[in-house]
Amino acid sequence: MPELVLQLTRAGFLALLWLFVLVALRVVRSDLYAASGMRPLGSARRGKTRSGRGRTARQLVVTHGALAGTRVSLDSRPIMLGRADDSTLVLDDDYASTRHARLSLQGEEWYVEDLGSTNGTYLDRAKVSGPTRVPLGVPIRIGKTVIELRS
């Protein structure tokens, strides 16, 4: 009987170890795809996957933070985000830098770029390290402020 218990414990531990490895690989994979702005095959989010295709962004909407409900109409000019008075969207947020981030149109797509801010810019929980494509409806977080592109 003790031999059987020992073998079952070993098999259970091995199964748990493989489960941990698979979960860790899934997290790394999702982080890599989030950083590149691409979506992994077979992991489409319901409702938001098709919303960005074939439609262009017309508005920048603040969804959370001190400016919640604010809308900025988009044209071809870049949108400057930060605490500076000459920013397109002036953020009254202690975690935002003076010149925090820039949204710019390249072709038909909008890209967000962190401008060397102290606390970083996040696109759907992934830190932005360079110009990153912004799909419609995906949240961009700057401190306590969350913004989205909408059509």
Side-chain angles (χ1 to χ4, degrees), residues 12-151:
F13 179 72
L14 188 61
L16 228 82
L17 184 64
W18 275 107
L19 181 65
F20 173 76
V21 167
L22 292 174
V23 169
L25 287 174
R26 184 174 180 195
V27 168
V28 168
R29 178 177 170 249
S30 68
D31 284 349
L32 288 174
Y33 276 107
S36 68
M38 297 172 51
R39 292 201 194 283
L41 294 174
S43 67
R45 288 191 286 173
R46 292 182 192 125
K48 288 191 178 181
T49 305
R50 294 184 185 109
S51 66
R53 294 193 181 154
R55 296 191 335 199
T56 59
R58 293 193 178 119
Q59 296 183 356
L60 179 69
V61 179
V62 180
T63 58
H64 292 89
L67 299 173
T70 303
R71 296 176 182 270
V72 176
S73 295
L74 299 175
D75 51 20
S76 61
R77 292 178 292 177
I79 305 290
M80 298 299 292
L81 306 165
R83 291 186 353 210
D85 291 334
D86 63 342
S87 296
T88 310
L89 185 62
V90 179
L91 303 176
D92 185 25
D93 191 332
D94 293 336
Y95 298 101
S97 297
T98 305
R99 304 233 184 273
H100 196 98
R102 173 178 44 227
L103 274 167
S104 57
L105 184 64
Q106 296 177 12
E108 295 287 319
E109 301 288 337
W110 284 92
Y111 286 80
V112 65
E113 180 179 5
D114 187 81
L115 300 176
S117 66
T118 305
N119 295 313
T121 303
Y122 293 85
L123 179 65
D124 197 21
R125 291 184 267 151
K127 191 169 186 176
V128 174
S129 57
T132 307
R133 188 178 67 83
V134 181
L136 288 177
V138 175
I140 301 167
R141 185 172 55 84
I142 297 173
K144 295 178 182 176
T145 305
V146 179
I147 59 176
E148 291 180 5
L149 292 176
R150 301 229 176 124
S151 59

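D85 CG: 12 or fewer foreign heavy atoms inside a 6.0 Å radius. Shown here is Q106, whose CD atom has more than 12 heavy atoms of other residues, nucleotides or ligands within 6.0 Å. No more than 12 heavy atoms of other residues, nucleotides or ligands lie within 6.0 Å of OH in Y95, so this atom counts as exposed by the packing criterion.
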Check: Could you walk me through whether L91 and L89 pass the side-chain contact (heavy atoms from CB on, under 4.5 Å) check?
Finding: CA-CA 6 Å; L91 303 176; L89 185 62; 4.0 Å; yes
Checklist line | D86 and R99: CA distance, side-chain angles, deciding distance, side-chain contact (heavy atoms from CB on, under 4.5 Å) verdict | finding: CA-CA 10 Å; D86 63 342; R99 304 233 184 273; 2.8 Å; yes
Next item on the list: Determine, step by step, whether I147 and V72 satisfy the side-chain contact (heavy atoms from CB on, under 4.5 Å) criterion, reporting the C-alpha distance in whole Å, the side-chain angles of both residues, the deciding distance to 0.1 Å, and the verdict.
Entry: CA-CA 10 Å; I147 59 176; V72 176; over 6 Å; no
Note to self: For a side-chain contact (heavy atoms from CB on, under 4.5 Å) check, start with the C-alpha distance between R150 and T63, then their side-chain angles and the critical distance, and finish with the verdict.
What the structure shows: CA-CA 11 Å; R150 301 229 176 124; T63 58; 3.4 Å; yes
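Taking CZ of R58 as the reference point, atom CZ of R71 lies at 13.5 Å (rounded to 0.5 Å). The structure places OG1 of T132 at 8.5 Å from CD of E113, a figure rounded to the nearest 0.5 Å. Remark: D92 CG to K144 NZ distance equals 10.5 Å, nearest 0.5 Å. Atoms CG and CG, on D114 and L123 in that order, are 12.0 Å from each other to the nearest 0.5 Å. Between the OG1 atom of T121 and the CD1 atom of I142 there is a distance of 4.5 Å, given to the nearest 0.5 Å. Distance check, rounded to the nearest 0.5 Å: NZ of K127 to OH of Y122 gives 4.5 Å.
Of all heavy-atom pairs between L67 and V90, the closest is CD1-O, 3.2 Å.
No donor-acceptor distance shorter than 3.5 angstrom exists from the side chain of D124 to the backbone of V138, with no hydrogens or angles considered. With hydrogens and angles disregarded, a donor-acceptor distance shorter than 3.5 Å links the side chain of S87 to the backbone of A84. For the pair T88 (side chain) and M80 (backbone), a donor-acceptor distance under 3.5 Å is present. Here the side chain of R83 pairs a donor or acceptor atom with the backbone of A96 at under 3.5 angstrom. Remark: the backbone N or O of G120 is paired with a side-chain donor or acceptor of H100 at under 3.5 angstrom. Under the 3.5 Å distance criterion, the side-chain polar atoms of S97 are matched with a main-chain donor or acceptor of T118.
No side-chain heavy atom of L60 sits less than 4.5 Å from a side-chain heavy atom of W110. Between I140 and L81, the closest side-chain pair of non-hydrogen atoms is not below 4.5 Å.
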